[in-house]
2 protein chains.
Amino acid sequence: MKQTTLQDIANTLGVSISTVSKALKDYPDIGIKTKALVRELAVTLNYTPNPFAVNLRTKQSKTIGVIIPEFVHYFFSSVIKGIINEAEKKGYLVITLQSNESFELEKRQIELLLNKNVDGVLISLANATATFDHLKTVMERGKPLVMFDKIAKIVNCSKVIINDREAAYNATKHLVDTGCKRIAHFRGPLLPQNSIDRFLGYKKALDDHNIIYDPSLVFICNDMTFDEGKMFAHKLIENHKDVDGVFINTDLVAIGAMTGFKELGLHIPRDISIVGFSNWFMSSAITPSLTTINQPGYKMGKVAFKRLYKELKKQKNNIEIIPKTIELETTLIVRESTKT
Amino acid sequence: MKQTTLQDIANTLGVSISTVSKALKDYPDIGIKTKALVRELAVTLNYTPNPFAVNLRTKQSKTIGVIIPEFVHYFFSSVIKGIINEAEKKGYLVITLQSNESFELEKRQIELLLNKNVDGVLISLANATATFDHLKTVMERGKPLVMFDKIAKIVNCSKVIINDREAAYNATKHLVDTGCKRIAHFRGPLLPQNSIDRFLGYKKALDDHNIIYDPSLVFICNDMTFDEGKMFAHKLIENHKDVDGVFINTDLVAIGAMTGFKELGLHIPRDISIVGFSNWFMSSAITPSLTTINQPGYKMGKVAFKRLYKELKKQKNNIEIIPKTIELETTLIVRESTKT
DNA sequence: GTTTTTAACTAAAACGTTTTAGTTAATTTT
DNA sequence: AAAATTAACTAAAACGTTTTAGTTAAAAAC
């Protein structure tokens, strides 16, 4: 029941604690026979270092904190999976916390992580977050901070993102390229930069292809739900029978919209083409399958941790950390909801 | 940058470390003016106890570990959310790990958590897990262990489950009650007890209602995907045109199956009724909406943590822990995929 | 006015590790 | 054979907290 300590090994072997510690860490000033003896006994006694003592002494816990807006979410859980997998490879464990899209909660979670003395923090911001002192506190405390997906450009830390604007541009361009003339857009709420960027990408694509931007073709989804997609599909067609393409902020809403369009007797993609965003796993399953932008969640998690790890190393070796923004590739996945 | 310590406060105030420590913890043997002074300074200096030192001294970290088979999964991420939310209320943080349905990985994750010295462990077993020494190790190390959803009856620890058999019975009974005579079943793989239990519940319901069990109406899903559901829908109808109801192990597969049946020109529920399992959020969104069993993931997470917390308390007070199995209510949610 | 009690504080050990600065004894150098 | 070097080990501090067992001085009791 009681865990073996260095003391225990030292006592049975009649050597000092330092000798045991050094033997286990392969210091050069310990004799080979002693090393062998110590290691053997360590194995027999099933010795594992007491992490609390190690933490105290080394001032690091090999633990990082992650804050995301929402756990039950395909994209974010993919990111988390990527983070955890990558962290494990490097001997780090991950404490996950959820901001629930609330600024107050996000601040609180940062507090918790800081009080826990995690070695570093990964965060994707809540929609409600507009000031960033809590993030600066993290850095002031000497903890590397990496933001991913929902970031704040103003904070001077490393970031892992996709180019939402460019991706949205390509999504919209695909609609144009496949013959759409009247292209609507279901956008996300006003706050996270991402939904603004996607909207801007949509607008730019119209512009570049001499299609006049018509604000009445843009709908704002606040809940980003299936039902919202369905509802806006109906609303759109009600007033604009001539619409022949829609670029939709996220796949779930897009699938809702497809259901809505089908209810109205429209054929996809003959009557109306749809492009989603995120490549949710259902997008390939439904009929017709959904053309969409692949948002690499798992990879983003991996890359974000890798970056944090690099900064952790640099910090340890007293090398200055220069924040870096890493942009991940997105790809347009053409399926059946758009014409060929 | 450097964190304030008790020492710092003691020095500026000209008192001892013990006095400061006790003042902050409101010990009765410290004068009120001293307490006030200490607290004030603690606030000004922004003192927070060094968790590493506290851990070492108190031998607990206020951290628990959670292992689940798969992160990117509606049910499991709901459970995790419940756990984390509840844990936070009680001042605990959560380290999450994924077994990826592999026994080897599960063992490894247990190792990691044990080496990290978490205060307790919550686990939902991998399908591949058939021996349980690694779980016994957890308890032998004096760490409370609570299993949820995918459990092993043989392990003598607390458990939080649903009654899969009863729920499946009710699901199947609903089909019988609404007039189905030939009822098929798409079951899960052979390994987790849950899929066996659901199958047994299905069988029992047939039995109790004088419907002869026909093994050729039961299909085994190994991947539990949308596509598998669609495929088995086709296979089923190919050989059994008289089937008028299907109880399906999980909603995702059920939705796949519904797509399959629709492709074959069958009307749901007129020609064939469907009942799913888990109440995935898409189940209410699709058309027709899916009748299903509500599997309360979020609540399961909350209850599982609450139980662990209770055991943590008991252990602290040297009260014997008597393992308890908590069964959560499931409800049949009747929607449009079954007749009224 | 001495003893007893109480209030308010402190010393120091303990938690288990890591690492610096030694200390021995044996070996090599001159 | 004395001096210098090396190999192998150890003592002890340090990390920052908690808590037990005191200590001191003032207040209460007789």
Side-chain angles (χ1 to χ4, degrees), chain A residues 1-39 41-42 45-63 91 114-117 119 141-142 316-317, chain B residues 1-39 41-42 45-63 91 114-119 141-142 316:
Chain A
M1 161 97 204
K2 194 192 154 277
Q3 279 293 101
T4 309
T5 67
L6 292 180
Q7 184 77 261
D8 298 333
I9 298 178
N11 287 347
T12 25
L13 249 43
V15 295
S16 75
I17 295 179
S18 354
T19 304
V20 177
S21 175
K22 286 179 165 181
L24 291 172
K25 314 193 97 198
D26 210 22
Y27 273 55
D29 61 348
I30 302 294
I32 25 171
K33 329 124 233 156
T34 317
K35 274 183 188 168
L37 278 173
V38 169
R39 282 170 186 166
L41 189 58
L45 294 183
N46 197 18
Y47 170 80
T48 53
N50 180 318
F52 301 157
V54 177
N55 292 348
L56 179 60
R57 181 59 227 231
T58 62
K59 294 169 180 298
Q60 51 158 358
S61 58
K62 292 272 186 177
T63 304
L114 246 27
N115 289 347
K116 188 85 234 188
N117 234 339
D119 296 346
R141 288 263 217 118
K316 205 173 176 180
N317 302 323
Chain B
M1 160 99 206
K2 194 192 154 279
Q3 279 295 100
T4 309
T5 67
L6 293 180
Q7 185 76 262
D8 298 333
I9 298 178
N11 287 347
T12 24
L13 249 42
V15 295
S16 76
I17 295 179
S18 354
T19 303
V20 177
S21 175
K22 285 180 166 180
L24 290 172
K25 313 193 99 199
D26 209 21
Y27 272 55
D29 61 347
I30 302 295
I32 26 172
K33 330 124 233 158
T34 317
K35 275 183 188 171
L37 277 173
V38 168
R39 282 170 186 168
L41 189 58
L45 295 183
N46 198 17
Y47 170 79
T48 54
N50 180 318
F52 301 157
V54 177
N55 292 348
L56 179 59
R57 179 60 225 234
T58 62
K59 292 169 181 297
Q60 50 157 359
S61 58
K62 292 272 185 176
T63 304
L114 247 26
N115 289 347
K116 189 85 237 192
N117 233 339
V118 294
D119 297 345
R141 287 263 217 117
K316 207 173 176 182

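Chain letters run A, B, ... following the sequence lines, proteins first and then strands; every chain starts at 1. Side chains are part of it too, since the values below use all heavy atoms of this structure and drop only hydrogens, waters and symmetry mates.
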Item checked: Between P of dA13(C) and CG of L56(B), the distance in whole Å -> 17 Å
Notebook entry, point to check: Just to confirm, is there a sub-4.0 Å distance from OP1 or OP2 of dT18(C) to any side-chain nitrogen or oxygen of K25(A)?
Noted result: yes
Margin query: Just to be sure I understand the rule, does T5(B) reach a base, reach only the sugar-phosphate, or reach nothing, if contact means heavy atoms closer than 4.0 Å?
Written below: sugar-phosphate
Item checked: Partner of D8(B) under side chain to side chain contact (heavy atoms under 4.5 Å, CB included), chosen from L6(B), T12(B), T4(B) -> T4(B)
Check: To the nearest Å, how far apart are F52(A) CZ and dC15(C) P?
Finding: 15 Å
Check: Do S18(B) side-chain and dA11(C) base share a donor-acceptor contact under 3.5 Å?
Finding: yes
Check: Just to confirm, is there a sub-4.0 Å distance from OP1 or OP2 of dC9(C) to any side-chain nitrogen or oxygen of T34(B)?
Finding: yes
Next item on the list: For residues N50(A) and K59(B), determine if any side-chain heavy atom of one lies less than 4.5 Å from a side-chain heavy atom of the other.
Entry: no
Next item on the list: Using whole Å, report how far CD1 of I17(A) lies from C1' of dA14(D).
Entry: 14 Å
Next item on the list: Take K116(B) and T63(A), measure what side-chain hydrogen bond (donor to acceptor under 3.5 Å, both in side chains) needs, and give me the verdict at the end.
Entry: CA-CA 10 Å; K116(B) 189 85 237 192; T63(A) 304; 2.6 Å; yes
Next item on the list: Please figure out whether S16(B) or A53(A) has its closest DNA chain C nucleotide nearer the 5' end.
Entry: S16(B)
Check: Quick one: L13(B) CG to dT10(C) P, roughly how many Å, whole number?
Finding: 10 Å
Margin query: Can you identify which nucleotide, out of dA8(D), dT19(D), dT17(C), has its nearest atom closest to the Y27(B) side chain?
Written below: dT19(D)
Checklist line | Distance, rounded to the nearest Å, where Q60(A) contributes CD and dT18(C) contributes P | finding: 11 Å
Item checked: Separation of dT19(C) C1' from K59(A) NZ (nearest whole Å) -> 14 Å
Next item on the list: Name the nucleic acid region contacted by D29(A), choosing base, sugar-phosphate or nothing; use a 4.0 angstrom heavy-atom cut-off, strictly under.
Entry: base
Check: For the side chain of T58(A) and the backbone of V54(A), is there at least one donor-acceptor N/O pair under 3.5 Å apart?
Finding: yes
Margin query: From the set dT10(C), dT18(C), dC9(D), return the single nucleotide nearest to any side-chain atom of K22(B).
Written below: dT10(C)
Note to self: I'd like to check R39(A) versus L24(A) (side-chain heavy atoms, cut-off strictly below 4.5 Å). Are they in contact?
What the structure shows: yes
Margin query: Rounded to whole Å, how long is the line connecting atom CG of L24(A) with atom P of dG16(C)?
Written below: 16 Å
Item checked: L37(B) CG - dC9(C) C1' separation (whole Å) -> 14 Å
